[in-house]
Amino acid sequence: MGTMLGVLLSVLFTFGLIHSDGIGRTEKTPIGPGVPRDINTTDSGVQNATLIAIYGYNNQSNDIFLFKVHRIHKAQLQIVAGLKYFLNVDIGRTVCRKGKPYNFKNCSFETRPPLNKRLTCHFEVWIASWKQSWKVIALNCQ
């Protein structure tokens, strides 16, 4: 059934029967399969993909503190077999240590030098909601 839904959505997008405003884009042009398009950084899909990306970053990082997103500069969406998000974000070290229960809302950014640290990152996140599957496919920070 998931494959049929994916094919149906692809056809609807291709012929412009589903428009980007349903996905949170500010432009009124349709999104076609395979073509990355800018989307609003406040879109709920972007917010979810960003949480997945920062979770992936924190899992692979050797830092003892958690990082969280400070600002989303740009977000793009590509329709593939699922949804692929391209995210350019700034992240920062928080005062919350790894391994302890946390809520990002309660983890403030570290402000004391030399512990304060900011990075600019490019994340790519693939989401196949019908399979309840997600994967961080690119994670580059400087």
Side-chain angles (χ1 to χ4, degrees), residues 1-14 16 18-142:
M1 183 171 140
T3 305
M4 291 293 292
L5 178 60
V7 170
L8 176 62
L9 286 173
S10 294
V11 170
L12 292 173
F13 276 112
T14 300
I18 295 177
H19 292 278
S20 57
D21 53 348
I23 301 177
R25 295 198 51 225
T26 55
E27 296 179 30
K28 297 296 183 192
T29 57
I31 296 177
V35 180
R37 301 285 187 190
D38 291 344
I39 88 172
N40 194 319
T41 57
T42 61
D43 177 78
S44 63
V46 170
Q47 298 298 313
N48 290 336
T50 303
L51 283 174
I52 292 167
I54 200 66
Y55 178 81
Y57 177 84
N58 282 320
N59 279 338
Q60 66 88 36
S61 165
N62 290 328
D63 202 295
I64 61 171
F65 293 96
L66 293 169
F67 280 71
K68 74 176 185 177
V69 173
H70 182 259
R71 180 174 176 217
I72 303 172
H73 290 283
K74 183 176 181 178
Q76 291 187 307
L77 175 65
Q78 180 181 24
I79 299 171
V80 290
L83 300 174
K84 187 175 177 183
Y85 290 90
F86 300 87
L87 308 165
N88 292 326
V89 302
D90 288 338
I91 65 173
R93 182 184 281 145
T94 69
V95 297
C96 295
R97 288 183 174 262
K98 287 183 179 178
K100 296 187 178 195
Y102 69 93
N103 178 340
F104 273 132
K105 291 179 182 176
N106 299 329
C107 290
S108 58
F109 288 105
E110 179 61 72
T111 57
R112 298 171 295 160
L115 294 176
N116 60 335
K117 185 175 182 180
R118 293 274 166 98
L119 300 168
T120 299
C121 300
H122 172 78
F123 297 126
E124 293 178 19
V125 178
W126 174 73
I127 300 173
S129 58
W130 70 92
K131 293 170 46 174
Q132 296 181 349
S133 176
W134 56 269
K135 184 176 182 181
V136 178
I137 54 178
L139 192 148
N140 301 308
C141 296
Q142 298 178 359

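We find the CZ-CD1 distance between Arg93 and Ile64 to be 8.0 Å, quoted to the nearest 0.5 Å. Asn140 CG to Thr120 OG1: the interatomic distance, rounded to the nearest 0.5 Å, is 12.0 Å. For the atom pair Leu87 CG and Gln76 CD, the distance stands at 9.5 Å (nearest 0.5 Å). Rounding to the nearest 0.5 Å gives a distance of 7.0 Å between CD of Gln47 and OG1 of Thr42. Between the CZ atom of Phe67 and the CG atom of Leu119 there is a distance of 5.5 Å, given to the nearest 0.5 Å. The NZ atom of Lys74 sits 10.0 Å away from the NE2 atom of His122 when rounded to the nearest 0.5 Å.
Counting only heavy atoms from C-beta outward, the side chains of Tyr102 and Arg97 never approach each other to under 4.5 Å. Within the 4.5 Å cutoff, side-chain heavy atoms of Cys141 are placed close to those of Phe123. No side-chain heavy atom of Tyr55 sits less than 4.5 Å from a side-chain heavy atom of Val136. Inter-residue side-chain proximity for Leu66 and Lys98 is flagged as met; some heavy-atom pair is nearer than 4.5 Å. Contact of the Arg37 side chain with the Ile79 side chain is not registered, since no non-hydrogen atoms from C-beta on lie closer than 4.5 Å. Here the side chains of Ile127 and Ile52 are in contact, with some heavy-atom distance below 4.5 Å. Annotation: side chain of Val46 is not in contact with side chain of Asn40 (no heavy-atom distance under 4.5 Å).
The minimum heavy-atom distance linking Val125 with Ala49 is given by the pair CG2-O, 3.6 Å. What you find for Phe104 and Lys68 is that their closest heavy atoms are O-NZ, 3.1 Å. Of all heavy-atom pairs spanning Ser61 and Asp63, the tightest one is OG-N, 3.0 Å. The shortest non-hydrogen separation linking Ala53 to Leu139 is O-CD1, 4.3 Å. The minimum heavy-atom distance between Asn116 and Glu110, with the atom names listed, is CB-O, 3.2 Å. Among all heavy-atom pairs drawn from Asp90 and His73, the shortest one is OD2-NE2, 2.7 Å.
The neighbour count for Gln60 CD, taken as heavy atoms of other residues, nucleotides or ligands under 6.0 Å away, is above 12.
Using a 4.0 Å cut-off between charged side-chain N and carboxylate O, Lys84 and Glu124 make a salt bridge.
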